[in-house]
Amino acid sequence: APAAPAAEAAEPAAAPPVATQKVEIPAAAESAAEAPHSSNRMVEEIVVTAQKREEEIQTVPISVAAFSADALDARGVYDTKAIVNLTPAVTVTEFGGFSFIYIRGVGSDAFVPSADPSVTTYVDGIFVPTSQGFATDFGGIKRVEILKGPQGTLFGRNSTGGAISVITKKPGEDFEANVQGEVGNFNEKRGKAYLNLPLTSTLGFSADVLYKYLDNQYTNYNRGISPTKDLSGRFRLDWHPTSYFDLDLSYFRAHQETAGSLVAKNIAPSPLFSLIIPKEPDNYVAQTDFNEYVKGGSYVYSFASTLNLPWFDIKLMGASQDTESSYSSIDFDASEIPLVDFYTNGQFSKAKNLELQFLSSPDGWGGSKLEWVGGAYYLKGSGGFDKIFLQPANDLIDYVTQVLKIPSPVLDTLAPLLDPLNKDVNVNLLASGIVAINSISGYAQSTYHATDWLSLTLGGRYQRERRYLTQAYTDGYYPATGTTIPLFNFPLESTTATNFSSREAISVEPMEGQMIYASRSQGFKSGTYNVINIDEVPNYVRPELVTSYELGTKSDFFGGMLRFNTAVFDNRIKDKQVAFVSLLSGGAVSLGNAQLAEVVGGEFDTTWVPLPDLDSGLVITANGAYLHGWYKEYTDGQGYSQTTGLYQNNLDFSGKQIERTPKFSGGFGVSQAYDVSASSQVEVGSDIYYNSGFYFTPENKDDLKQSPYRLLNARASYLYRPWNVRLTAFGKNVLGERYHIGLFQTDFGTLSTLAYPAQYGASLEWNF
């Protein structure tokens with residue numbers, strides 16, 4: 001495999017506050033260079049970040065996977081949703097415009113901006129505080145890294161499941177430009193452009209722009225469904241006046257309009273409403289009566305400065321970011337009957353953060369025997385709903401009050417506002433809930449190399465967080481006149497939590513190319529308040545704590561032509577945060593705590609060049625994971641009655657499987673690159689992913705279970721080197737496997753959102 005350019009290897013890392021490590025399968029023997037077959041883009045040397053110092057990935061006592069932009073392109077991966085095909089024990093699902101990422105059974109299914117994900121995402125070292133994504137496709141990136149297990153010591157808050165780091169290209173000293181266009185079925189159109197422009201010998205500028213248009217996978221014969229339209233741009237300025245100082249400034253802006261995963265259909269009406277909601281097949285025809293749509297975007301201003309001193313390095317990073325939905329709407333019953341709709345024009349998440357780091361250098365304090373890092377982190381932010389409207393239709397009011405005769409505090413409160421003799425009266429509920437946070441922490445970690453084959457790592461992080469409500473009320477709202485009537489005004493409470501997370505690890509290298517490690521690591525996820533409340537006081541949700549024990553091996557065989565890594569682990573989760581959806585619970589979306597949960601499992605990941613001398617372009621990849629995740633103690637769960645469909649609480653889910661955690665998942669891929677001449681290359685590849693299925697909720701109902709499924713992808717490309725032009729044809733889910741990206745239960749039944757069926761298309765890329 002070709003080595004990376006020297007300039008790239010020396011480039012300062014722009015990723016999360018971390019240093020670099022090399023991921024490399026060494027080049028084939030010299031005889032392979034004389035063979036007519038070419039090296040594959042899936043086998044290369046790249047620079048990644050996992051800890052805050054430079055080190056080879058095969059000697060780091062942590063599970064981490066890294067993929068360069070070329071490797072991702074060779075696999076046909078363009079966004080975070082497809083990372084499940086790259087590495088084992090990762091699950092990605094969606095609902096309501098939010099993405100839910102689970103790593104080794106640890107994740108979050110909450111789709112409100114006031115709730116934090118359990119798998120943190122970083123873009124150029126900047127923590128992304130919400131799982132609500134806008135323009136999540138990769139554009140102008142350098143690499144993607146996936147860190148597994150709690151990362152509480154170095155990455156801090158909310159990394160109980162792991163961390164995903166996206167590193168974009170940093171301005172370089174040489175001119176570079178790239179344009180790419182793609183077309184496909186579902187009227188798909190994508191465009192990417194990247195420009196690197198050296199302004200002076202010490203000042204560089206880069207820009208990348210990304211555009212996507214895609215029709216929804218569903219059809220609604222009653223009305224149209226909004227397509228996805230994304231537009232984003234990132235602009236960076238890097239100033240390096242001396243060899244020991246660097247300043248990087250960045251601005252990111254994204255805009256999105258889509259129906260996306262907001263589109264759902266009611267495939268299993270609850271017993272409560274089965275008399276009026278017809279049962280429909282789980283297909284791609286939605287019959288909802290209310291428009292599903294979200295319009296919004298995000299922007300991020302950030303900076304990173306590095307000062308290299310003789311004794312140690314100093315880094316200072318900061319950012320201001322804002323993610324906002326100017327309008328979003330969803331049909332809460334997901335049927336053709338007008339019952340309940342939600343819409344909001346003030347959903348947001350804001351954050352400002354600052355981080356100061358001190359990193360050891362080989363010639364500085366501690367020398368080569370002791371490597372250390374320390375720092376401080378500050379975060380201030382807020383998120384929630386300025387205004388969210390619940391729109392009950394007259395059909396619902398008549399059905400509940402006259403047919404079912406079920407008393408409801410909400411309907412009793414609204415009764416004086418409703419005129420049952422006048423069907424033109426239209427009264428909505430207007431709810432507002434905003435929660436803010438102040439967080440400060442300090443951390444330190446060191447690795448002592450006792451011998452050439454034995455290393456010890458010890459680290460810890462102390463953090464203090466204050467969560468507080470800044471807005472919480474419910475009003476009656478008349479759309480016709482724009483007037484409101486106060487109903488509930490909730491107290492603005494606050495809670496302060498402290499935590500200390502530690503990491504201990506030992507690694508031994510019994511022989512060259514072989515490493516065995518054992519580690520214990522902890523993670524802390526912030527507590528929060530439930531902010532979508534109708535008639536209940538916003539309650540505090542306790543922080544989530546994870547302690548993980550891991551034993552792993554990292555091995556290179558046959559001169560690096562075969563890489564085989566394994567790990568077994570035990571994740572113990574205290575006060576796991578679990579989301580629930582119901583109107584009758586006093587709020588539309590609420591979080592609760594499961595007292596104790598545990599996930600034990602194992603995984604492997606391998607990359608193999610089987611014929612380095614005869615065919616260095618042939619690469620085989622395989623990965624797999626086994627997970628057994630269950631609730632050891634969960635005695636106050638929320639759910640629905642099997643017979644009536646009514647909301648229930650204080651349910652005992654102890655012994656139930658953890659949601660979104662398949663027992664087995666894995667993939668197998670083959671890629672072949674072949675030089676047909678000195679000026680051209682053909683690259684073909686295919687991979688298959690298997691998932692044994694999982695439940696979408698802790699209640700473990702059969703109609704909320706994803707059945708086993710398989711995804712087959714294929715691609716072929718032709719590269720013409722004199723022009724640096726690559727033409728690619730691709731197919732995703734070519735067998736048309738039907739599976740869900742979202743299943744949720746509400747008071748009205750089971751809401752289903754299917755993933756896209758077979759997709760195919762072609763792209764053209766030009767580098768100049």
Task: Within-4.5 Å side-chain heavy-atom neighbours: Asp116 and Thr528 - done: no
- [ ] Could you give me the CA-CA distance, side-chain angles and deciding distance for Gln657 and Phe694, then say whether side chain to side chain contact (heavy atoms under 4.5 Å, CB included) is met?
- [x] CA-CA 8 Å; Gln657 295 182 27; Phe694 50 87; over 6 Å; no
Open item on the list: Please check: side-chain N/O of Asp475 versus main-chain N/O of Tyr477, any donor-acceptor pairing under 3.5 Å?
Closed with: no
Open item on the list: Side chains of Thr635 and Gln595: any donor to acceptor distance under 3.5 Å?
Closed with: yes
Task: Within 6.0 Å of NZ in Lys350, more than 12 heavy atoms from elsewhere - done: no
Task: side-chain hydrogen bond (donor to acceptor under 3.5 Å, both in side chains) between Thr228 and Thr258, worked out - done: CA-CA 4 Å; Thr228 295; Thr258 183; 2.6 Å; yes
TODO: Quick one: list whatever passes salt bridge (charged side-chain N to carboxylate O under 4.0 Å, His left out) with Asp331, sequence neighbours left out.
DONE: none
Task: Leu651 and Glu699, any side-chain heavy atoms less than 4.5 Å apart - done: yes
- [ ] Just do the side-chain hydrogen bond (donor to acceptor under 3.5 Å, both in side chains) check on Ser108 and Gln577 with the steps written out, would you?
- [x] CA-CA 7 Å; Ser108 174; Gln577 295 179 6; 5.7 Å; no
TODO: Check the pair Thr160 / Ile573 against side chain to side chain contact (heavy atoms under 4.5 Å, CB included), numbers first and verdict last.
DONE: CA-CA 9 Å; Thr160 52; Ile573 313 168; over 6 Å; no
TODO: Supply the atom-to-atom distance Lys701 NZ to Lys656 NZ, rounded to the nearest 0.5 angstrom.
DONE: 10.0 Å
Open item on the list: Check this for me, if you would: do Glu544 and Lys576 make a salt bridge, where the nitrogen-to-carboxylate-oxygen distance has to be below 4.0 angstrom?
Closed with: no
- [ ] Kindly compute the distance separating CD1 (Ile330) from OG (Ser328), expressed to the nearest 0.5 Å.
- [x] 8.5 Å
TODO: Keeping the roles fixed (side chain from Asn691, backbone from Gly693), state whether a donor-acceptor pair exists under 3.5 Å.
DONE: yes
- [ ] Look only at the side chain of Thr474 and the backbone of Ile534, and say whether a donor-acceptor pair between them is shorter than 3.5 Å.
- [x] yes
Open item on the list: Please tell me whether Phe696 and Phe100 form a close aromatic pair, meaning their ring centres lie under 6.0 Å apart.
Closed with: no
Task: Test log, rule side chain to side chain contact (heavy atoms under 4.5 Å, CB included), inputs Asp215 and Ile225 - done: CA-CA 8 Å; Asp215 284 341; Ile225 298 179; over 6 Å; no
Task: Interatomic distance, Leu591 atom CG to Ile532 atom CD1 [nearest 0.5 angstrom] - done: 9.5 Å
TODO: Please report the C-alpha distance between Gln638 and Asn649 in whole Å, then the side-chain angles of each, then the deciding distance to 0.1 Å, and finally whether the side-chain hydrogen bond (donor to acceptor under 3.5 Å, both in side chains) criterion is met.
DONE: CA-CA 4 Å; Gln638 301 179 89; Asn649 56 10; over 6 Å; no
TODO: Work out which heavy atom in Ile658 is nearest to a heavy atom in Glu598; give both atom names and the distance.
DONE: CD1-O, 3.9 Å
Task: Non-hydrogen atoms of Ala472 and Asn489 that approach each other most closely - done: O-OD1, 3.6 Å
Task: Single hit among Phe389, Phe385, Phe332 for ring-ring contact (aromatic ring centres under 6.0 Å, His included) with Phe342 - done: Phe332
Open item on the list: Quick check: do Asn530 and Val541 have side-chain heavy atoms less than 4.5 Å from each other?
Closed with: yes
TODO: For side chain to side chain contact (heavy atoms under 4.5 Å, CB included), just list the numbers for Ser382 and Thr470, CA-CA rounded to whole Å, side-chain angles, deciding distance to a tenth of an Å, and then say yes or no.
DONE: CA-CA 9 Å; Ser382 61; Thr470 62; 5.8 Å; no
Open item on the list: For a 4.5 angstrom cut-off between non-hydrogen side-chain atoms, does Ser752 reach His740?
Closed with: yes
Open item on the list: Is there a side-chain contact between Glu659 and Tyr631 in this structure, where contact means two heavy atoms from C-beta onward sitting under 4.5 Å apart?
Closed with: yes
Task: Residue pair Pro117 / Ile101, side-chain heavy-atom distance below 4.5 Å - done: no
Task: Among Thr746, Ile276, Asp289, the one residue meeting side-chain contact (heavy atoms from CB on, under 4.5 Å) with Asp333 - done: Asp289
Task: Residues in salt bridge (charged side-chain N to carboxylate O under 4.0 Å, His left out) contact with Asp747, at least two apart in sequence or another chain - done: none
Open item on the list: Counting C-beta onward and ignoring hydrogens, is there a side-chain heavy-atom pair between Tyr529 and Tyr468 closer than 4.5 Å?
Closed with: no
Open item on the list: How long is the straight-line distance from CD of Gln706 back to OG1 of Thr91, given to the nearest 0.5 Å?
Closed with: 10.5 Å
Open item on the list: Could you check whether atom CZ of Arg466 has more than 12 heavy atoms from other residues, nucleotides or ligands sitting under 6.0 Å from it?
Closed with: yes
Open item on the list: Checking the side chain of Ser692 only, and the main-chain atoms of Lys663 only, is there a donor and an acceptor separated by less than 3.5 Å?
Closed with: yes
Open item on the list: With rounding to the nearest 0.5 angstrom, report the OG to CD distance, Ser654 to Glu633.
Closed with: 6.0 Å
TODO: State, to 0.1 Å, how close Pro269 and Ile277 come at their nearest heavy-atom pair, and which atoms those are.
DONE: CG-O, 3.5 Å
Task: Shortest non-hydrogen contact from Asn216 toward Gly260 - done: ND2-O, 3.3 Å
Open item on the list: Between the side chains of Glu465 and Lys525, is the shortest nitrogen-to-carboxylate-oxygen separation below 4.0 Å, so that they form an ion pair?
Closed with: no
Open item on the list: So does Ala758 get a backbone contact from the side chain of Asn185, meaning a donor-acceptor N/O pair under 3.5 Å?
Closed with: yes
Open item on the list: Using every non-hydrogen atom in the two residues, find where Ser665 and Tyr689 come nearest and quote the distance to one decimal.
Closed with: CB-OH, 3.7 Å
Open item on the list: Under the criterion side-chain hydrogen bond (donor to acceptor under 3.5 Å, both in side chains), I'd like the reasoning laid out for Asp386 against Gln471: C-alpha separation, chi angles, the key distance, then a yes or no.
Closed with: CA-CA 8 Å; Asp386 184 42; Gln471 197 165 287; 3.1 Å; yes
Task: Test: Lys295 cationic atom under 6.0 Å from Tyr293 six-membered ring centre, within 45° of axis - done: no
Open item on the list: Is the distance between the ring centroids of Tyr640 and Phe580 under 6.0 Å?
Closed with: yes
TODO: Report the relative orientation of the aromatic rings in Tyr756 and Phe186; use parallel for angles under 30°, tilted for 30 to 60°, perpendicular for over 60°.
DONE: perpendicular
Task: Nearest-0.5 Å distance, OG of residue Ser707 to CD of residue Glu737 - done: 9.5 Å
- [ ] Specify the closest pair of heavy atoms between Ser329 and Leu262, including all atoms of both residues, with the distance to one decimal.
- [x] O-CD1, 3.8 Å
Task: Partner residues of Glu188 under the side chain to side chain donor-acceptor pair (under 3.5 Å) criterion, sequence neighbours left out - done: Arg190
TODO: Answer yes or no: is there a donor N or O on one side and an acceptor on the other, between the side chain of Asn158 and the main chain of Thr120, under 3.5 Å?
DONE: no
- [ ] Give a yes or no on whether the backbone of Gln287 and the side-chain of Lys265 come within a donor-acceptor separation of less than 3.5 Å.
- [x] no
Task: Side chains of Tyr478 and Ile485 in contact at under 4.5 Å (non-hydrogen atoms) - done: yes
- [ ] Would you check if the side chain of Asp109 reaches a backbone N or O of Thr697 as a donor-acceptor pair within less than 3.5 Å?
- [x] no
Task: Expected output: side-chain Gln391 to main-chain Tyr343 donor-acceptor under 3.5 Å - done: no
